[in-house]
Amino acid sequence: MLRDLPPRARWYIIFVIALGALTFFALVPRATLTPVVPLVILVLLSSLTSAFKVQFPIASGSNMSVSYVVDIAALILRGPHATMIVGAVSGWSQTTLNSRTPNPVFRTLFNMAMLVLTVQAAGQVFIRLGGTPDAEPAALILPLAGMALTYFFVNTVPIALAIAFTTNQDAVRIWKTDFASSAPSYLLGAVAAAVVIKVTESSGYRLTLLLMAAPLYLFYKMYRAGNEKDARQGAILEAAHDSIITMDQQLNIREFNPAAEQMFGYARLDILGRNVELLLPPADRGQLLRALNQYMTSGGGALAGRQLEMRGLRADGSDFPLELTVARIGADSRAALTGFFREITERRALEEQLRQSQKLEAIGRLAGGVAHDFNNILMSIMGAADLMLMQLAPGDAARDEATEIKQSVDRGAGLTRQLLAFSRRQPTSPRLFALGDVVRGMDTMLRRLIGPEIEFEIICASQPLMIVADSGQIEQIVLNLVVNARDAMPSGGHVTVRVEEVRLDETGALAFVEGKPGPYARLGVADTGTGIDEATRAKLFEPFFTTKEQGKGTGLGLSIVYGIVRQSGGYIAVVSEPGKGATFLIYLPIVAVPVPVAVAAPA
């Protein structure tokens with residue numbers, strides 16, 4: 001919409017539309033409209049070739065618009081006043097007919113006004129330089145050149161200004177980059193129009209149409225092929241999940257697809273024409289710009305034939321990891337660079353989760369081996385202590401020391417059991433049971449454990465959720481998590497233990513790296529405590545990591561929880577923010593229990 005444009009662009013467009021309308025309605029009454037049929041033919045030719053963007057290929061990738069040739073022919077034959085009708089209809093059809101998406105009204109009116117002003121100015125220059133329809137070819141050289149150059153400047157400079165005002169760019173740079181190179185095609189178009197008129201005058205309309213039929217048909221076929229190619233490319237740009245950004249030789253952005261808008265946070269009109277350095281973080285900007293320039297000029301360097309991992313910069317100032325692949329299009333002064341940007345934030349997170357899982361697995365194996373060896377040593381100490389107690393008299397002073405040794409061995413054995421649980425090597429007795437029944441059975445014990453200053457509730461699904469695990473280990477999980485929740489709320493709060501059924505889809509399962517989709521019983525323990533920051537969450541399940549004061553925790557509680565959950569075939573997740581409490585979510589696979597079929601008693 002017009003109101004969405006920057007103020008300068010909005011008032012400029014309104015001024016051009018008003019000037020074009022004033023010129024049209026002031027000068028059209030002076031136009032000679034007879035004979036009407038040739039004028040109607042010119043209007044149809046200009047509007048149709050403009051709508052379908054029919055062009056003549058001329059040289060080195062340049063094209064010449066057929067509608068421009070028709071406009072020049074109309075100026076020569078009918079003068080500037082009548083040709084304003086041709087230009088106005090052509091401007092309307094250009095933005096209305098054959099358009100994949102409706103254009104705003106202001107854009108159509110601006111296009112019509114521009115063509116009205118352009119043909120009027122070009123026609124006046126042609127007349128002032130002595131141009132007439134029946135003049136000799138040599139006498140037409142200067143008027144034709146003046147008319148073509150006037151058409152070129154009056155048509156391109158205001159459009160460059162409109163783009164500059166809309167996108168906050170430099171108008172001179174836009175004009176030099178996008179329009180200056182097309183000046184020769186305007187001169188050739190004027191010559192082509194004059195040649196067609198002279199051939200028509202000498203050979204007649206029928207012979208001229210016959211001679212032009214074959215090349216026009218070929219150009220139409222070329223247009224159709226090019227239009228289909230552009231449509232395919234446009235569809236690819238629109239549908240691509242990767243950001244596709246095209247840059248010119250100065251690394252100014254020339255194309256910015258919808259995925260790029262979503263990724264970087266810039267609207268397409270706001271970013272077009274601006275340098276790609278806007279999307280690069282300051283720390284890496286110099287190195288990346290050198291790599292892009294090197295690939296643009298020589299096709300070599302760090303970007304040649306491979307993907308480059310880098311960081312991008314969003315409109316809000318945040319940076320994020322990217323993977324960049326580039327392709328060089330064209331050559332020499334018309335070369336361009338297309339970059340394919342893929343965000344890899346999610347992939348990095350999954351890789352980090354995999355590394356964390358592998359690290360915990362390795363630590364678990366080491367802990368299991370150490371626990372077994374340590375347990376053997378403890379058993380030998382326990383045996384020696386038992387022998388000492390058997391040999392010492394009941395009143396012997398050394399008997400207390402031997403008893404202390406046995407108690408220390410018992411504490412050490414408890415530690416080895418925790419290590420074995422973490423390493424998943426502790427003997428288990430899995431059985432089929434309803435998770436909610438086990439959790440509800442702990443209600444009285446847990447309430448006594450956390451104390452009256454903390455509100456506590458257990459919420460279980462109405463239907464039984466059957467799992468296969470060691471019920472004693474599940475109780476240990478709940479106990480550990482509730483104790484941690486209590487310690488996180490020294491001034492009181494609320495703890496909720498919830499058992500419910502959830503179904504993980506493919507996306508949800510991928511969050512656990514090796515997870516599998518399907519139905520799960522989710523055990524959640526939520527508190528309203530101090531919460532956990534991101535750095536702490538990354539280390540929560542590492543053995544011997546604790547945030548408690550020295551002597552108040554071994555750092556094995558959550559490691560044991562992790563080991564039990566993984567041993568039971570489940571997954572664990574933590575949702576927390578500082579000051580907003582924490583929720584531990586444990587997913588255990590639900591086991592389908594066949595419903596017994598009632599058998600009718602024999603009659």
Side-chain angles (χ1 to χ4, degrees), residues 60-62 160 163-164 166-182 230 233-234 236-348 351:
S60 66
S62 298
I163 296 172
T166 303
T167 59
N168 295 317
Q169 300 178 55
D170 180 33
V172 175
R173 182 172 55 78
I174 292 175
W175 185 83
K176 287 181 178 179
T177 304
D178 295 343
F179 299 105
S181 60
S182 62
D230 291 342
Q233 291 177 343
I236 291 171
L237 285 173
E238 293 289 329
H241 292 292
D242 291 345
S243 297
I244 302 176
I245 302 174
T246 300
M247 298 155 273
D248 60 19
Q249 286 194 314
Q250 287 74 42
L251 301 182
N252 297 319
I253 297 171
R254 294 301 171 195
E255 188 53 63
F256 203 72
N257 74 331
E261 291 184 291
Q262 186 176 4
M263 180 182 292
F264 290 98
Y266 288 97
R268 183 174 180 273
L269 287 179
D270 293 336
I271 198 72
L272 289 180
R274 304 176 75 175
N275 198 276
V276 75
E277 69 177 10
L278 192 68
L279 309 178
L280 306 177
D284 306 329
R285 187 172 293 163
Q287 180 182 355
L288 291 170
L289 289 177
R290 284 192 296 272
L292 289 169
N293 278 311
Q294 185 178 6
Y295 189 81
M296 172 70 81
T297 55
S298 65
L303 292 168
R306 69 184 188 90
Q307 295 174 330
L308 177 67
E309 289 196 6
M310 53 173 283
R311 300 196 69 81
L313 186 66
R314 289 193 174 94
D316 61 6
S318 61
D319 62 10
F320 59 101
L322 283 175
E323 194 174 69
L324 170 63
T325 306
V326 294
R328 190 166 179 264
I329 303 170
D332 302 328
S333 61
R334 302 181 68 86
L337 200 65
T338 296
F340 302 86
F341 297 81
R342 174 173 296 177
E343 185 174 354
I344 56 175
T345 303
E346 185 176 350
R347 192 178 80 189
R348 287 275 181 85
E351 289 172 352

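The figures that follow rest on heavy atoms only: side chains count, while hydrogens, waters and symmetry mates do not. Keep in mind that what you see is a predicted model, and the values were worked out from it rather than measured.
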Nearest 0.5 Å please: distance from the CD1 atom of Ile244 over to the CG atom of Asn257.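 Here the rounded value is 5.0 Å.
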State the CZ-CD distance between Arg314 and Gln262, to the nearest 0.5 angstrom. 10.0 Å
Once you measure the plane-to-plane angle for Phe256 and Phe264, does it fall in the parallel (<30°), tilted (30-60°) or perpendicular (>60°) bin? tilted
Just to verify, what does [X] make a side-chain hydrogen bond (donor to acceptor under 3.5 Å, both in side chains) with, not counting sequence neighbours?
X      : result
Arg285 : none
Thr166 : none
Arg290 : none

Contacts of [X] that satisfy salt bridge (Lys or Arg N to Asp or Glu O under 4.0 Å) - sequence neighbours left out:
X      : result
Arg254 : Asp178, Asp248
Glu261 : none
Asp284 : none

Tell me which pairs pass ring pair (Phe, Tyr, Trp, His ring centres under 6.0 Å) where either residue lies in residues 268-291, with sequence neighbours left out. none
Pair listing, ring pair (Phe, Tyr, Trp, His ring centres under 6.0 Å) test, anchored in residues 269-305, at least two apart: none
Do any side-chain atoms of residues 271-281 form donor-acceptor pairs under 3.5 angstrom with protein atoms, and if so which ones, sequence neighbours left out?
from, atom 1, to, atom 2, distance (Å)
Arg274, NH1, Asp270, O, 3.4
Asn275, OD1, Glu277, N, 3.0
Asn275, ND2, Gln250, O, 2.9
Asn275, ND2, Asn252, OD1, 3.4

Applying side chain to side chain contact (heavy atoms under 4.5 Å, CB included) to Thr297 and not counting sequence neighbours gives none
Residues in side chain to side chain contact (heavy atoms under 4.5 Å, CB included) with Ala180, at least two apart?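 Checked Ala180 against side chain to side chain contact (heavy atoms under 4.5 Å, CB included); matches are Trp175.
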Under 3.5 Å, sequence neighbours excluded: what are the donor-acceptor pairs made by side chains of residues 320-327?
from, atom 1, to, atom 2, distance (Å)
Glu323, OE2, Arg347, NH1, 3.3
Glu323, OE2, Arg347, NH2, 3.2

Over all atoms of both residues, closest heavy-atom pair of [X] and [Y]:
X      : Y      : value
Met247 : Gly339 : CE-N, 4.1 Å
Leu337 : Met296 : CB-CE, 3.5 Å
Ile245 : Ala260 : CG1-CB, 4.1 Å

Run the side-chain contact (heavy atoms from CB on, under 4.5 Å) check on Tyr266 and Ile253 step by step: do they pass? CA-CA 12 Å; Tyr266 288 97; Ile253 297 171; over 6 Å; no
So, the side chain of Asp242 versus the backbone of Phe340: is there a donor-acceptor pair under 3.5 Å, distance only?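 Checking the backbone N and O of Phe340 against the side chain of Asp242, no donor-acceptor pair under 3.5 Å is found.
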